[in-house]
Amino acid sequence: MVAIKDALSKDHVGKKVQVKGWIYRTRSSGGIVFAVLRDSTGIIQVTVKKGNVPDAEFENATKSGIESSVIIEGEVAEDKRAPGGFEIRASKFQLVGIAEAFPITEYQSTELLLDLRHLWIRSREQTAVAKVKAALVRGGREWFHDNGYVEVNPPIVTGVCPEDSTTLFQMKYFDRIAYLSQSAQFYLESLIFSLEKVYAITPSFRAEKSRTPRHLAEFWHMEMEAAWLDNDENMKVQEGLVSAMVQNVVAECSEELRLLKRDPASLKKMEPPFDRMKYDEAMEYLQKKGHDVSWGSDLGAVEERTLTVDRDTPVFIVNYPKELKPFYMKENPEDKRTYKNSDLLAPEGFGEIIGGSERETDNNLIIERLREKGESLDNYQWYLDLRKYGSVPHSGFGLGIERIVTWVCKLEHIRDAIPYPRTVARVYP
RNA sequence: GCCGUCGUAGCUCAGCCUGGUAGAGCGUCCGCCUGUUAAGCGGAAGGUCAACGGUUCGAAACCGUUCGACGGCGCCA
C-alpha cells in the first residue's frame with residue numbers, strides 16, 4: 001500500500017502500486033472512468049478502462065459516486081492530462097463501501113456545512129487546518145519542554161474561575177453546582193510553588209453569547225505560569241513560544257499552507273522580538289487614525305484591526321488601564337492607573353491571540369479589588385492562601401489555540417479552526 | 001444583550017417590489033460517449049414556497065406573530 005502523496009512522483013512511474021482511499025471526483029465517458037482518489041495525504045487521478053479490469057469491477061467503477069471507499073491497484077503513469085501530472089491506470093478496482101449521493105456538492109451554504117460538519121471535515125481545507133493545528137501545538141509543546149516547563153493537568157470541573165461568573169457554564173455536580181473551567185490560571189499559579197514553570201493545554205468554556213468570527217464557547221487554551229518571572233520576561237516567553245509554534249508549521253506543513261493559500265515566507269518572519277506598544281501609544285495611534293477613543297477606552301475589534309492591519313508580525317499592547325482588566329494583575333509602579341500586563345495581537349488584522357500579566361502578590365490589594373467587584377471572598381480563600389506561604393513574583397498568560405490557527409491559516413472564521421465548533425447556536429453534530 | 005440579512009426541489013438560487021395554476025443550474029435516475037478536469041449530449045423523477053394567523057374573489061408574494069439560520073457589534077483567548 002502506498003500513500004497518494006508518494007505515488008505522485010517519478011519514482012513510482014511504471015511501477016505497480018496499491019492505494020486505498022475515497023473517491024473525491026468522478027467522471028465517466030462510456031468505456032473509461034476517471035476517478036480522483038483522496039486519502040489523508042493527497043489526491044490522484046485513477047483511470048479505469050473497460051477491458052483493463054474485470055467487467056464486474058468496471059461496472060462498480062461507473063456506479064461508485066463521491067466518497068465511495070475503494071482499493072485500487074495499478075501502474076503509475078506520468079500524464080499531462082491528469083490533474084497533478086500523474087495518474088494510476090487501474091488493473092483492479094475494489095469497491096469497499098459504496099457511498100450514497102453525497103449531500104455536499106458544488107454549491108454549499110454555511111448553514112449546510114455546519115449541519116453536515118461530520119461530513120465536511122473530510123474536505124481538503126479542513127484536513128489541512130487540522131494538520132497545521134497539530135503542528136502548532138506540537139511546536140508549542142516542544143518549545144515548553146526545551147525551556148524547562150512541565151506540562152500539568154488542571155481540573156476542567158471547578159468551583160471558581162478567574163473570569164466574570166456570568167459567563168460560566170453551570171453543571172450539576174452530584175448534589176451541588178459546579179462550573180466548566182474558563183481558565184486554568186489559578187490552578188497553574190498553585191503549581192508554580194513546586195514546579196516553578198508549568199503549562200497546560202485544556203479546553204476552556206465561555207458562556208458568552210458572542211456572535212463573532214473570533215469566539216467559540218469551547219476553545220483550546222494553552223496557558224503558562226512561571227515563578228520569578230516579571231512581565232517583560234513573560235513577553236519574551238510569549239514571543240519565543242509563538243515563533244516556535246509558527247516555525248514548526250513552516251517546517252512541517254508546506255503542502256497544507258499551499259492549499260490554504262498562505263505564503264510560508266510571510267510566516268518565516270515570525271521571530272523574536274515582537275514590537276511592544278504601550279497602551280498610551282496605542283491610543284495616540286488610534287486617535288491619529290481617526291478613531292473616537294480616549295484614555296480608558298477598551299480596544300475593540302475595529303481598533304485591533306487598525307493596530308495590526310499594516311503589520312506583518314505580532315505586536316504587544318502593554319500596560320492597560322486597571323478598569324479594563326481583571327483583579328489578579330500586578331499594579332504597574334510606574335503608572336498606578338495601569339497593570340503590568342500585555343495582550344499579544346496577531347498581524348494582518350487578526351487581533352488578540354494572547355492575554356498575559358504579572359500577577360498581584362499583595363493579598364490586601366486582591367481582597368480590596370474583589371470587594372469592589374462584589375465577589376464573595378469565600379470562593380477565593382484557597383487562592384488567597386497562595387500568597388500566604390512563600391509568595392513570589394510570577395507571571396503567566398493564556399493563548400487561544402484556535403485564534404492562532406485562524407491567523408496562521410488565514411481563516412475567515414474561528415469555527416473552521418476546530419472540527420466541531422461550539423457556538424451559541426450549535427451543539428450538533 | 002444590541003443591529004442587520006435570510007428561510008422556495010436533495011443542494012445553490014431566481015420569482016416577491018407591481019398578488020392570478022411553481023422556475024433554472026447542479027445533484028439523482030435512465031440512455032449515449034475510450035482522455036475527462038466539480039466534462040458533454042438526450043430524457044425522467046423531484047416542491048405543505050419555515051410555521052401559524054390576517055388582508056383579498058385569489059397569497060410563495062402584502063401585513064402580523066413565532067421558530068430557525070447566517071452576518072456584524074459588545075464581551076474575551
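Within every chain, numbering begins at 1; the chains are lettered A, B, ... in the order of the sequence lines, protein sequences first and strands thereafter.
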Closest to the [X] side chain: [options]?
X: A/Ala425; options: B/G74, B/A69, B/G71; value: B/A69
X: A/Arg81; options: B/U37, B/A69, B/G72; value: B/U37
X: A/Ser28; options: B/C33, B/G25, B/G35; value: B/C33
X: A/Arg25; options: B/C73, B/A38, B/U34; value: B/A38

Tell me whether the OP1 or OP2 atom of [N] has a side-chain N or O from [X] closer than 4.0 Å.
X: A/Lys50; N: B/U34; result: no
X: A/Arg27; N: B/C33; result: no
X: A/Arg211; N: B/U5; result: no
X: A/Thr110; N: B/C70; result: no

Show me the pairs that pass ring pair (Phe, Tyr, Trp, His ring centres under 6.0 Å) and involve residues 91-110 of chain A, at least two apart or across chains. none

Using a 5.5 Å cut-off between ring centres and planes within 30 degrees, is A/Phe219 stacked on the base of B/A77? yes

Pi stacking test for A/Tyr107 and B/U12: under 5.5 Å apart, planes under 30°: no

Whole angstrom is fine here: how far is it from [atom1] in [X] over to [atom2] in [N]?
X: A/Ile317; N: B/C76; atom1: CD1; atom2: P; answer: 16 Å
X: A/Glu218; N: B/C76; atom1: CD; atom2: P; answer: 21 Å
X: A/Leu345; N: B/A77; atom1: CG; atom2: P; answer: 12 Å
X: A/Leu113; N: B/C11; atom1: CG; atom2: P; answer: 12 Å

Is A/Glu87 side chain donor-acceptor paired with the B/G35 base, going by distance under 3.5 Å alone? yes

Assigned partner base of B/A50, Watson-Crick or wobble definition, under 3.5 Å: B/U66

